[in-house]
Amino acid sequence: MADDDIILSELDDEELVLQMHDDLYDGLKEEIEEGVRILLDRGWAPYDVLTKALVAGMTIVGADFRDGILFVPEVLLAANAMKAGMAILKPLLAETGAPKVGKMVIGTVKGDIHDIGKNLVGMMMEGAGFEVVDLGINNPVEKYIEALEREEADILGMSALLTTTMPYMKVVIDTMKEKGMRDDFIVLVGGAPLNEEFGRAIGADAYCRDAAVAVQTAKDFMARKHNSLA
Ligand code: B1M
């Protein structure tokens, strides 16, 4: 059967998720939006739709990009389809008026335009009750520093997806130290090429493997901060 003939709503959950991985791979935005809506209508939790249908699909795209099977234009289409799915989930993951747990400034570092993971972290943090100020992509150190001061944030989150841009996180942390403001903020870092050792080496408070870990880590640090102020 040709792809055009597949009626998403007639697939069972498992088939639909696999089809969504294919559709994400092919950058089919409307099909991804439809798939997300169908899974939600079937009672799926927004977080499960996000991780099992979208993030898992993007992992396949990532592997084929790495292996030279997919190229930038195709990956861009996949990223756009992923973002369209995330846009439907965002309000569902977002919180409903409970008091804010803390404030985070987040951005992708200078030289790096990857923003899907960063957006996901922002969405999940908002869903957990944090106020999030998103600086977008390609941020020089000045932009981080200015936003931290302006927003009176508790947490700085930095994202990097390239081995060539991840060292820039140290530039930001070192500048914070020079300005005597490092200890005023919790610094969390994340992105596919990072690891715990790197996080420690550059002087971050923690490396976060994924968005769920980022939320839990932020909550733990905020609880410690409040305890130490009490
Ligand atoms: Co790019 N790219 N890309 N890319 N891209 C990677 C990162 C790469 C690993 C692909 C590969 O070769 N396998 C590779 C980097 C290799 C390396 O550095 N060693 C790569 C490359 C080489 C490039 C270009 C240089 C390609 C080129 O032009 N020749 C170029 C660079 C442009 C630039 O930034 N200057 C480029 C461009 C692009 C696109 C524009 C086409 C597109 C980005 C679109 C967009 O973001 N709007 C793109 C994409 C989509 C990818 C892959 C396929 C997918 C990334 C993604 O969105 N993953 C990626 C392959 C891969 O990562 N396996 C790849 C899904 C997302 C949910 O996961 O971002 O890891 P992730 O985020 C996770 C965690 O890491 C963590 O939580 C998130 C959610 O769980 N996390 C944080 C992330 N940030 C955090 C911040 C935190 C906490 C946790 O703060 C507290």
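Counting convention: from 1, in listed order, for ligands and their atoms alike. This one's a predicted model, so the numbers in the text were calculated from it and none came from an experiment.
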> Which one of Leu156, Asp174, Val109 satisfies the side-chain contact (heavy atoms from CB on, under 4.5 Å) criterion with Met169?
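Only one of Leu156, Asp174, Val109 forms a side-chain contact (heavy atoms from CB on, under 4.5 Å) with Met169, namely Val109.
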
> State plainly whether one hydrophobic cluster holds both Ile6 and Tyr25, where clusters connect Ile, Leu, Val, Met, Phe, Trp and Tyr through side-chain heavy atoms under 4.5 angstrom apart.
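Linked, Ile6 and Tyr25 end up in one cluster.
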
> Mark yes when over 12 heavy atoms from residues, nucleotides or ligands other than Lys179 sit less than 6.0 Å from its NZ; otherwise mark no.
no

> May I ask you to identify the nearest protein heavy atom to atom 72 (O) of ligand 1, giving residue, atom name and distance to one decimal place in Å?
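Heavy-atom neighbour on the protein nearest atom 72 (O) of ligand 1: Gly117 CA, 3.2 Å.
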
> Counting no waters, what protein N/O/S atoms lie under 2.8 Å from atom 1 (Co) of ligand 1?
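Those protein N, O or S atoms (cut-off: under 2.8 Å from atom 1 (Co) of ligand 1) are His114 NE2.
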
> Does ligand 1 have an atom that lies less than 4.0 angstrom from a heavy atom of Pro193?
no

> Counting only heavy atoms not in Arg42, do more than 12 sit closer than 6.0 Å to its CZ atom?
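It does: Arg42 CZ has more than 12 such atoms within range.
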
> Which option, Pro73, Gly57, Gly190, Cys208, owns the non-hydrogen atom nearest atom 87 (C) of ligand 1?
Gly190

> Between Thr163, Thr51, Thr108, flag the one that comes closest to atom 18 (O) of ligand 1 by a heavy atom.
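The residue whose heavy atom sits nearest atom 18 (O) of ligand 1 is Thr163.
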
> May I ask you to identify, for Asp112, whether its side chain, its backbone, both or neither come under 4.0 Å of ligand 1 on a heavy-atom basis?
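Within the 4.0 Å criterion, Asp112 contacts ligand 1 through backbone and side-chain atoms alike.
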
> Tell me which protein heavy atom sits closest to atom 81 (N) of ligand 1, plus the residue, atom name and distance to 0.1 Å.
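Answer, as residue, atom name and distance: Gly191 N, 3.5 Å.
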
> Considering non-hydrogen atoms of the protein only, which is the closest contact for atom 56 (C) of ligand 1, and what is the distance?
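Going by distance alone, atom 56 (C) of ligand 1 is nearest to Met58 CG, 4.3 Å.
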
> Any heavy atom of Lys83 closer to ligand 1 than 4.0 angstrom?
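It does; at least one heavy atom falls under 4.0 Å.
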
> How far is atom 80 (O) of ligand 1 from the closest protein heavy atom, and which atom is that?
Ala211 N, 3.1 Å

> How does Ala79 reach ligand 1, by side chain, by backbone, by both or by neither, if only non-hydrogen atoms under 4.0 Å count?
side chain

> Just to verify, which of Ile173, Val172, Val171 counts as forming a side-chain contact (heavy atoms from CB on, under 4.5 Å) with Ile202?
Ile173

